[in-house]
Number of protein chains: 2
Amino acid sequence: MSRTTLKDIALELNISVSTVSKALSDSYEISEATKKMVQEYAKKHNFHPNKLARSLKIGKSNTIGVIVSNISNTFVSQILDGIQIASQQTVYDIIFMQSREDERIEKNCIDVLKMRGIDGLMIAPVSFDSNIEELKALIKAKIPVIIFDRINHALDTFKVGVNNFQGAYSATQHLIQRGKRRILHITGKNLGVAQERLNGFKAALADAAIPFDEKHYIECSFNNTAELDRTIKEILTKEYIEHKNIDAIFGATDVITTRTLGILAELQIEVPAQIAVIGFSNTQIAASLNPALSTVVQPATEIGELATKKLIETINRTRPVHEFETIELPTQLIIRKSSL
Amino acid sequence: MSRTTLKDIALELNISVSTVSKALSDSYEISEATKKMVQEYAKKHNFHPNKLARSLKIGKSNTIGVIVSNISNTFVSQILDGIQIASQQTVYDIIFMQSREDERIEKNCIDVLKMRGIDGLMIAPVSFDSNIEELKALIKAKIPVIIFDRINHALDTFKVGVNNFQGAYSATQHLIQRGKRRILHITGKNLGVAQERLNGFKAALADAAIPFDEKHYIECSFNNTAELDRTIKEILTKEYIEHKNIDAIFGATDVITTRTLGILAELQIEVPAQIAVIGFSNTQIAASLNPALSTVVQPATEIGELATKKLIETINRTRPVHEFETIELPTQLIIRKSSL
DNA sequence: TTGTATGCGTTATCAT
DNA sequence: ATGATAACGCATACAA
């Protein structure tokens, strides 16, 4: 047995398809008696309108596309949570796709979503200008696009993310206040947010009259765990074990910071006694680490919710928008044992 | 400007819609010259067929629905990764939804997916009989359903998960081999896989002639972190600090085990010197914990890939299947410092 | 080799 | 208050 359609109901009740359709949408044209009959029959037979046909007809899919780099990242999945929470209050439902940090896959995601007739797109782009032409084309085709998280993207549109400068600044400032002056900043290669975090790091040093030392800044490829581990071990061995030239570490991402903690434990370097650690991180495990990890927490759920609201607002606007806003939410500094 | 359609192309090139359609699908009926012309035009104008219209016409959406409890769980997101990897080799694309451990939301997910005309469904059900009638109805409507992870569900269909008994058995056995005899098993309330893990735990004890002690078994509500923390603290205080009646802990889930480690650190109980710890866990952070956490790892990606392959196989089968298989993949025991 | 006509399930316009 | 008809974009049986 296949799925129930309007036609099935019409045939069964000896009325026309259009009457059924109108009855189900509670039209004023239909008598109460007919409405009741149809609605009851539909409920009883577990009728659900075919969204494909409906969308095709009305030229609107009530669907929002979301493209993220990778779901299996705590921060990302928290954002998705926020997106779902926000969309649940609306008629829209969500299709997610993963770009896996690859521009070509990202392009494919955009194409698939276009074919599905999404009414709007939310994207955390792979790089600062990835697929910019495709995104422009979408906007031109009246499909609004919102950028979230990676808000350094070149497209001129609504953007929602965090204030990376401020987050990095306050983390660094905290370490300085704890008396640290030889702070190592470990960040990711090709990480969109890296520049702003580095700027915040440098600004905090400058404000404390601590000169910035090239030796205290290192970029790692953070997709490749083995390489990441090797790079971190190398610099710790050289700069700490040989030269005692590090008294604190500020990690730029979740992965970097937690790996750093693991490696410090392996090298039997005591945290925070020998080296204090703080990182950008959204993992709920931070509090379970030993020592509990101090972190800069990003309001991930809020980013998702806000971006969704903005997008739906834009979709529902009758006239196109030409002035866009970039919202940078504040981060929160949570001090735990690793930096005390 | 709206999206390009077959009609637009036909009008522009002064040929019929069906010629365009056939040319784009590389039909043998169409001359090479026309094909070339049409395909080039389509590429140049960035034409993408409307998936809604196409699905409506051919009665097949090339879409698979996936329902999980919650994406922001490492294990779940790894499964989703596997699903995506497997689907990328095929024409199918994926729509995920979250049930958030709520049967009513789960029902809604099923409805939405039905409306979208999915060709098949993969689900990790909320409980052992949740929405079983809806799932049966789907199968009756020739939409195959595959259960993954929570394979204790009552529906008679293909199931892919892990061998929880064996995983728990080998974790417990390992602790016993390390000389532990007062092993506390902490598990989750309403956790589908809990029973099998408890059975494995008991069997390993029995095989070592260690009597099972009710005091060494505790269920926690693992959605509520505060309550979880309190429960764990309570039992540790009573059974360990007061009675020294624990020398190892076997945690049944990711959250439980990592929280337990955090609490042990807080209570200044040394791991593994005073209490050894091992857990079911898929977090990549396990190795970064201090001490590095021994874990039973579930082949999450493989579960996703296998379930997807099985589903697509079932979709493509011409005749309905009536004999179903439950695949229980083996888990892997990774010993790290926390249990040595 | 190309074109015409029809229908997928819906909604909407226009009769009746 | 109800029904007949057209159209959304596509694929396909059939006609030319």
Side-chain angles (χ1 to χ4, degrees), chain A residues 1-39 41-42 45-63 91 111 114-119 141-142, chain B residues 1-39 41-42 45-63 91 111 114-119 141-142:
Chain A
M1 193 196 66
S2 191
R3 296 188 34 207
T4 315
T5 68
L6 291 185
K7 202 173 165 187
D8 299 333
I9 301 181
L11 248 66
E12 202 60 39
L13 298 180
N14 271 312
I15 53 181
S16 78
V17 172
S18 50
T19 303
V20 176
S21 171
K22 286 171 185 167
L24 286 173
S25 56
D26 210 32
S27 162
Y28 68 95
E29 301 175 88
I30 305 296
S31 73
E32 287 306 320
T34 312
K35 272 188 200 172
K36 200 177 165 195
M37 173 179 73
V38 173
Q39 286 168 2
Y41 184 95
H45 288 74
N46 200 19
F47 168 80
H48 290 286
N50 184 323
K51 214 170 167 3
L52 274 58
R54 169 173 239 259
S55 298
L56 182 60
K57 176 61 191 168
I58 67 178
K60 186 168 186 305
S61 63
N62 284 352
T63 301
V91 296
D111 287 345
K114 254 167 80 175
M115 294 195 295
R116 279 190 178 287
I118 51 167
D119 296 333
K142 303 236 184 303
Chain B
M1 191 194 71
S2 191
R3 296 187 36 206
T4 314
T5 69
L6 291 187
K7 202 173 165 188
D8 299 333
I9 301 180
L11 248 66
E12 202 61 38
L13 298 180
N14 271 314
I15 54 182
S16 78
V17 173
S18 63
T19 304
V20 177
S21 172
K22 287 170 183 166
L24 286 174
S25 57
D26 211 31
S27 162
Y28 67 96
E29 301 175 82
I30 304 296
S31 74
E32 286 306 321
T34 311
K35 273 189 201 171
K36 200 178 166 197
M37 174 179 73
V38 172
Q39 286 167 2
Y41 185 94
H45 289 73
N46 198 21
F47 169 79
H48 291 286
N50 183 323
K51 212 168 174 354
L52 275 55
R54 169 173 237 260
S55 298
L56 183 60
K57 173 64 190 162
I58 66 178
K60 188 168 184 304
S61 64
N62 283 352
T63 301
V91 297
D111 287 343
K114 255 167 81 175
M115 295 195 295
R116 289 198 113 81
I118 51 168
D119 295 333
K142 303 235 185 303

By the 4.0 Å heavy-atom rule, please label [X] as base, sugar-phosphate, or nothing.
X: A:L6; result: base
X: A:T34; result: sugar-phosphate
X: B:I15; result: sugar-phosphate
X: A:T5; result: sugar-phosphate
X: A:L56; result: base
X: B:S31; result: sugar-phosphate

Find the distance [X]:[atom1] to [N]:[atom2] and express it as a whole number of Å.
X: B:K114; N: C:dG9; atom1: NZ; atom2: C1'; result: 16 Å
X: B:N50; N: D:dC8; atom1: CG; atom2: P; result: 12 Å
X: A:E29; N: C:dC14; atom1: CD; atom2: C1'; result: 11 Å
X: A:L52; N: C:dT10; atom1: CG; atom2: C1'; result: 11 Å
X: A:I58; N: C:dT10; atom1: CD1; atom2: P; result: 12 Å
X: B:I9; N: D:dG9; atom1: CD1; atom2: C1'; result: 12 Å
X: A:N62; N: C:dT10; atom1: CG; atom2: P; result: 15 Å
X: A:R116; N: D:dG9; atom1: CZ; atom2: P; result: 18 Å

Side chain of [X] (C-beta onward), nearest among [options]:
X: A:I30; options: D:dT2, C:dT10, C:dG3; value: D:dT2
X: B:K57; options: D:dG9, C:dT2, C:dT11; value: D:dG9
X: B:K22; options: D:dG3, D:dC10, D:dC14; value: D:dC14
X: B:A53; options: C:dT10, D:dG9, D:dT5; value: D:dG9

Quick check: does any side chain N or O of [X] sit under 3.5 Å from a backbone N or O of [Y], one acting as donor and the other as acceptor?
X: B:S61; Y: B:G117; answer: yes
X: A:S55; Y: A:L52; answer: no
X: B:R3; Y: A:K114; answer: yes

| Are B:S25 and B:S27 close enough that a side-chain donor and a side-chain acceptor fall under 3.5 Å? |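 No.
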| message | If you assign each of A:K7 and B:S18 to its closest nucleotide in DNA chain C, which residue comes earlier from the 5' end? | response |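 Checking each residue's closest nucleotide, the 5'-ward one belongs to B:S18.
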| query | For DNA chain C, whose closest nucleotide is more 5', that of B:E32 or that of A:H48? | reply |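 Final value for this comparison: B:E32.
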Using a cut-off of strictly less than 4.0 Å, decide whether [X] has a side-chain nitrogen or oxygen near OP1 or OP2 of [N].
X: B:S21; N: D:dA11; answer: yes
X: A:R54; N: C:dT11; answer: yes
X: B:S16; N: C:dG3; answer: yes

| field | Heavy-atom closest pair, residues A:F47 and A:L6 | value |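 Distance-wise, the nearest heavy atoms are CZ-CD2, 3.7 Å.
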| message | What verdict does the side chain to side chain contact (heavy atoms under 4.5 Å, CB included) test give for A:H45 and A:D8, after you've listed the backbone C-alpha separation in whole Å, the side-chain angles of each residue and the deciding distance to 0.1 Å? | response | CA-CA 10 Å; A:H45 288 74; A:D8 299 333; over 6 Å; no
